[in-house]
Amino acid sequence: MAAQQRAGDYGGFILLSILLGTQREVWAGRILYSVPEETDTGSFVGNVAKDLGLEPKELAERGVRIVSRGRTQLFALNPRSGSLVTAGRIDREELCAQSARCLVNLNILMEDKMNLYPIEVEIMDVNDNAPKFLTEEMNVKIMENTAPGVRFPLNEARDLDVGTNSLQSYHLNPNHHFSLIVQTGDDGTKYPELVLERLLDREEVATHHLLLTASDGGDPPRSGTVRVQVTVVDVNDHAPVFSSPQYQVTVPENVPVGTRLLTVNAVDLDEGVNGEVTYSFRKITPKILQIIQLNSHTGELSTLDGLDYEESSYYELEVQAQDGPGSMARAKVLITILDVNDNAPEVTLTSVSSSVPEDTPPGTVIALFYLQDRDSEKNGQVTCTISENLPFKLERSIDNYYRLMTAKNLDRETFSVYNITLKATDGGNPPLSTETHISINVADTNDNPPAFLHSSYSVYVPENNPRGTSIFSVTANDPDSNENARVMYSLSEDTLQGPSVSSYISINSDTGVLYALHSFDYEQFRDLQLRVIASDSGDPPLSSNVSLSLFILDQNDNIPEILYPALPTDGSTGVELAPRSAEPGYLVTKVVAVDRDSGQNAWLSYRLLKASEPGLFAVGLHTGEVRTARALLDRDALKQSLVVAVQDHGQPPLSATVTLTVAVADSIPDVLADLGSLESLPNPDDSALTLYLVVAVASVSCVFLAFVIVLLALRLRRWHTSRVLQASGSGLASVPASHFVGVDGVRAFLQTYSHEVSLTADSRRSHVIFPQPNYADTLISQESCEKKDPLTSIDFRECKDEAQSIQQAPPNTDWRFSQAQRPGTSGSQNGDETGTWPNNQFDTEMLQAMILASASEAADGSSTLGGGAGTMGLSARYGPQFTLQHVPDYRQNVYIPGSNATLTTAAGKRDGKAAAGGNGNKKKSGKKEKK
C-alpha cells in the first residue's frame with residue numbers, strides 16, 4: 001500500500017501507515033490491504049493484478065472489476081497499473097464510528113470466469129478530530145457550606161478518533177478553590193470531576209469562572225475547551241436521589257413516533273425550591289437527541305423519530321437530576337431495540353450475461369448476484385430460489401453471493417428466451433420476499449440441419465414438356481435462426497446414362513423450385529432418380545438430402561411403326577399371293593406394327609382403309625391379319641391393292657398406312673408370268689406432290705429467265721449508249737478503221753462480245769464464262785480507202801496493203817431485193833426497186849442491228865454478209881426458225897459508199913456466183929463492184 005504524503009500534521013503517521021500497508025496478508029483466502037483515512041483520491045492501496053497473478057492489461061480483457069456491498073464506492077481499479085486506489089474521501093469515523101478496527105470489505109469480480117476474490121481494506125485512523133464538549137459552557141452550583149474534598153462531576157468531552165488519537169487527558173486552569181480529577185469508566189471513557197479544595201464564601205465570591213481543556217494523544221495533539229461557571233448558593237441539605245441507578249427498557253423498532261419508552265424518577269427530600277428536581281441528559285450524542293427526547297419535569301423518555309434496529313440496536317444514555325440549589329444525581333438509561341422483520345431482502349445483480357449460446361455446457365455461470373437483508377438473525381437469513389422447471393441452478397459463492405448456472409443443455413429451438421425469476425425470502429414471521437427478473441436470450445448455434453417435409457418425393461411430368469418449365473418445388477425447414485436458417489438447395493452430381501443430372505434438371509438455390517432443362521422423352525428414359533441437397537449457411541454448414549423420383553408420363557407422340565410388310569429398298573412393290581381356290585377366311589398375310597409409346601397410346605388397331613375390290617378382303621381389328629372375306633371369283637382381278645391403316649388409342653390418335661399388293665392366281669407360274677405386267681397404282685398424293693414440284697421449278701426458271709433477259713437488256717443499253725457517245729466524240733480516233741462498217745458516213749462497230757452465263761440450282765456451282773472477242777472481217781472499197789473519212793482522223797493510206805493481204809470473194813453486183821422479199825415497214829411500200837435509205841430513226845436502228853449480226857456471223861465463218869436466203873445470216877445465230885419474216889428487210893436499201901450497187905438476194909459470196917434471187921434487176925450505172 002502506498003499513499004500520497006499528506007501535508008500538515010499527519011505526515012509522520014501517514015508515512016508509518018504506508019510502510020505498514022505495503023505488506024498484505026492473506027487470511028483464509030482474503031487479501032488484506034490497509035490505508036489511512038483522509039487520503040487523497042487516487043492514492044495507492046494495493047497491487048491487485050500482482051496479487052491475482054495477472055498482468056495489468058489482462059484486467060480489462062478478463063472483465064476484472066470491483067463489487068462492494070456499500071452504497072458508496074470507496075475504491076477503484078487503475079486499468080493501467082492494475083492497482084487498487086482510493087475513489088474518494090475516506091472518513092474512518094463515518095464508516096466505523098468508535099470501533100477499534102475499521103475494515104471495509106469488497107470483492108474483485110473476474111467476469112470471464114464469474115469468480116469472486118474477497119478483499120479487506122483496513123482504514124487506519126489519523127488524528128483528524130479534536131476532543132469536543134457537548135456544550136460550550138457548564139454550570140455548577142455549590143453550597144457555600146460544602147466541605148473541601150467534595151467532588152462535582154463534569155460533562156466529559158468526546159473524541160471520534162480511536163487509540164492514541166482519542167481523548168487522553170483533561171486540564172483545569174489554575175485557581176485557589178478547585179482542582180480536577182479524571183475518572184476512567186468500565187468502557188475506558190474518562191470522566192472529569194471538579195474537586196473543592198477550599199471553603200467557599202458566597203459573600204466574598206458569588207461566581208467562579210473556570211476553563212476546562214480536553215486533549216487527545218495525537219501528534220501533534222488536539223484539544224477542546226469548555227467554560228465552567230461555579231455558582232455559590234446557600235445551604236441545601238439533600239441532593240436528588242434516583243429510584244434506580246440504571247434504567248433498562250426493550251422496545252421493537254417499529255414503535256410509532258412519540259411512544260413513551262420509560263420514566264426516570266429522582267426524589268429530593270428538601271422542601272421548596274431545594275426540593276424541586278429537573279431532569280436533563282448528561283451524556284448523549286447529537287444523533288440520539290434527534291431520536292429520543294426527555295421531559296425535564298416528569299423524567300419521561302419518548303421517541304422523536306422512528307427507531308431503526310439496522311442503524312443502532314441499543315442506546316446508552318445518562319440522565320441527571322438537579323434540585324433548585326444545584327445538587328445533582330446521575331442515572332444510566334439503556335434502551336434496547338428489538339429487530340422486526342421490516343426489511344425485505346435485496347438482490348443486487350453483480351454481473352449478468354444477457355445472451356448465452358445454446359451449446360453452452362452445463363455448469364456455465366451466466367449471472368452473479370448478491371443477497372442481503374438489513375434485518376438480523378432469522379429476519380436477516382435469506383434464501384434464494386428459482387423455478388424448478390428451468391435448466392438453471394443456483395450455487396452459493398463467498399459471503400452472500402450466488403451464482404446462476406446452467407444445469408442442462410439449452411436448446412434455442414425449444415426456448416429462445418428464458419425469463420428467470422429470482423425469489424429471495426427471509427426467515428422472518430411473516431417472511432418477506434423480493435422477486436428479481438432476469439431475461440436470458442439463448443443465442444443460436446448451427447446445430448440443426450435443414451429438414452424436408454417428406455422423406456421422399458415422387459413427381460410425374462408428361463413428356464414433351466417445354467424447356468425451362470417448373471416441374472416441382474421442394475421445401476426444407478431449418479429451426480435455427482438468421483444465417484443458420486437460410487437454406488440453399490442443390491442437386492447431387494449423379495449421372496444418368498452418361499450426362500449428369502444437372503443437364504436435365506436445375507434447381508433454384510433459394511426457392512427449391514425444380515426446372516426442366518430439356519424436353520423429356522418417355523421413349524428415352526421413363527424415370528429419373530434425383531437427390532436434392534439442402535444446406536444451411538451456418539459455420540460449419542449442415543445439410544440433409546432427400547430422394548426425388550421423377551416419372552415421365554407417356555404421351556401419344558409416336559405414330560405406329562409398320563414392321564411388316566417392310567418397304568423394299570430397291571423401289572419395287574412387295575406382292576402377297578392368294579390362290580383363287582382360297583376359301584373365305586384364308587390368311588393372305590399379316591400386318592405387323594409396333595408403337596414406341598406405352599399403355600393406351602401403344603394399343604394398335606387395324607382396319608382396311610381402301611381396297612381395289614371392296615368386300616374381298618378383311619383385316620383383323622387387333623391382329624392385323626389380312627384374310628379373304630369371300631371366295632375368289634374368276635372375275636376378280638389378278639392384282640388387288642389394299643391400303644391398311646394402323647391406329648393407336650392415344651388422344652389424339654395417330655395412324656400409319658401401308659399398301660399391300662395381292663396377286664390372285666391359281667398357280668405360282670401364272671403369278672410369275674403376270675407379275676411383269678403389273679404396275680403399281682399411282683399414289684394420288686405422289687402425283688400431287690410431283691405437280692407441285694413441277695410448278696415450283698417452272699416458276700423459279702421463269703423468274704430466273706426474266707432476270708437474265710433484263711440483265712442483258714441493261715447491258716446492251718449501256719453498251720449502245722457508250723458506243724454512241726464515243727462515235728460522237730474524239731474517242732473513236734483511236735479505234736482502227738477496220739473495226740467499222742461505213743454506210744454513207746455511218747460507221748458500225750463490228751466487234752462482238754459473247755457472254756455465257758451458266759446457273760444451276762446450287763449457286764455454288766454457277767459460273768460465268770467470258771470468251772475472247774471475235775472481230776469480223778471488213779469489206780472496204782478502194783474508194784473508201786482513198787477517201788478521207790470525215791468522221792474520224794484515221795489514216796487509211798495503208799488500206800491498199802491490207803486489202804491485198806485479205807482474200808475475199810467479190811460481192812454480188814445484184815444487191816437488190818424483190819418486192820416479195822421486202823417484209824416489214826419498207827418492204828410493204830410501193831416504190832422503186834432500187835430502194836431508198838431508211839427515212840426514220842427506228843428503221844435506221846434496226847438496220848444497224850442487222851449489220852452487226854451479219855458482221856458477227858462473218859467473223860465466226862458460219863455465214864456471209866448475204867447469209868441464207870431470207871435470213872440475212874441471222875438464222876445461224878438465232879436458230880432456223882428465225883427468218884427475215886420476223887424483222888423488216890432493209891438490205892434493198894443498203895448501198896456501199898462510192899458504188900451505186902444495192903444489196904440483193906444473192907446466195908452469198910462464199911461460192912463467188914451471181915445472185916439469182918429477185919426479179920433480176922440491176923443498176924444501170926454499169927459501174928464495177930469494188931471489194
Side-chain angles (χ1 to χ4, degrees), residues 130-159 167-183 185 189-216 222-242 264 266 268 270 272-286 288-289 293-297 299 317-332:
K132 186 178 182 181
F133 291 94
L134 187 61
T135 61
E136 294 181 355
E137 185 179 29
M138 290 187 293
N139 294 317
V140 179
K141 295 179 179 181
I142 302 176
M143 300 296 293
E144 61 179 343
N145 59 351
T146 302
V150 177
R151 300 178 181 182
F152 298 92
L154 300 177
N155 294 333
E156 72 275 9
R158 293 183 60 85
D159 193 337
L167 180 64
Q168 298 294 326
S169 62
Y170 292 95
H171 301 281
L172 188 65
N173 63 320
N175 63 87
H176 298 289
H177 293 86
F178 299 97
S179 63
L180 187 67
I181 296 178
V182 179
Q183 299 289 339
T189 304
K190 299 181 182 300
Y191 302 100
E193 291 182 354
L194 188 63
V195 179
L196 182 60
E197 296 290 341
R198 296 174 58 182
L199 290 174
L200 298 176
D201 188 355
R202 180 180 176 277
E203 290 71 24
E204 181 179 353
V205 179
T207 302
H208 296 270
H209 296 282
L210 306 175
L211 183 63
L212 180 62
T213 301
S215 301
D216 60 21
R222 288 176 175 266
S223 62
T225 60
V226 64
R227 295 187 303 272
V228 179
Q229 182 177 343
V230 179
T231 303
V232 181
V233 298
D234 289 338
V235 175
N236 185 13
D237 297 339
H238 297 88
V241 177
F242 281 97
V264 295
D268 192 330
D270 293 329
V273 178
N274 297 330
E276 294 179 358
V277 179
T278 59
Y279 302 94
S280 63
F281 288 116
R282 181 179 180 274
K283 180 183 178 182
I284 194 172
T285 63
I288 298 177
L289 285 175
Q293 66 178 351
L294 174 62
N295 192 317
S296 60
H297 298 290
L317 313 174
E318 281 193 4
V319 179
Q320 66 180 9
Q322 185 175 1
D323 57 14
S327 298
M328 292 182 296
R330 292 183 300 175
K332 183 180 290 188

Quick one: side chains of residues 130-142, donor-acceptor pairs under 3.5 Å with protein atoms, not counting sequence neighbours, listed by atom name and distance.
residue : atom : partner : partner atom : Å
T135    : OG1  : E137    : O            : 3.1
K141    : NZ   : G324    : O            : 3.4

Throw together a table of side-chain donor-acceptor distances under 3.5 angstrom for residues 173-180, partners on residues two or more places apart or in other chains.
residue : atom : partner : partner atom : Å
N173    : OD1  : L211    : N            : 2.9
N175    : OD1  : H177    : N            : 3.1
N175    : OD1  : F178    : N            : 2.6
N175    : ND2  : N173    : O            : 3.1
N175    : ND2  : F178    : O            : 3.4
S179    : OG   : E197    : OE2          : 2.3

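Note: L196 CG to R151 CZ = 12.5 Å, rounded to the nearest 0.5 Å. In this structure, L289 CG and L294 CG are separated by 10.0 Å, a value rounded to the nearest 0.5 Å. Summarising the geometry, atom CG belonging to L210 is positioned 6.0 Å from atom CG belonging to L194; distances are rounded to the nearest 0.5 Å. With rounding to the nearest 0.5 Å, the separation of CZ in F152 from CD in E193 is 11.0 Å.
When every heavy atom of L317 is checked against every heavy atom of F281, the shortest pair comes out as CD1-CE2, 3.8 Å. When all heavy atoms of A266 and Y279 are compared, the pair lying nearest together is N-OH, 2.8 Å. Nearest approach of T213 to S223, heavy atoms of both residues: CG2-CB, 4.0 Å. Annotation for T207 and V205: closest pair O-CG1, 3.2 Å, computed over non-hydrogen atoms. Heavy atoms only, all atoms of each residue included: L167 and S215 are closest at CD1-O, 3.4 Å.
Legend: residues meeting side-chain hydrogen bond (donor to acceptor under 3.5 Å, both in side chains) with Q322, ordered by chain and number and at least two apart, are absent.
Applying the side-chain contact (heavy atoms from CB on, under 4.5 Å) test between P153 and each of E318, R330, Q320 identifies R330 as the sole match.
Side-chain atoms of H238 and N274, non-hydrogen and from C-beta on, never get closer than 4.5 Å to each other. When side chains are defined from C-beta on, E156 counts as touching P192, because their heavy atoms get closer than 4.5 Å. A heavy-atom distance below 4.5 Å is found between the side chains of T189 and Y191.
Environment of CZ in R282: crowded, with over 12 heavy atoms of neighbouring residues, nucleotides or ligands closer than 6.0 Å.
Ion pairing between a basic and an acidic side chain is recognised when a charged N comes within 4.0 Å of a carboxylate O; R202 and E144 show no such pairing.
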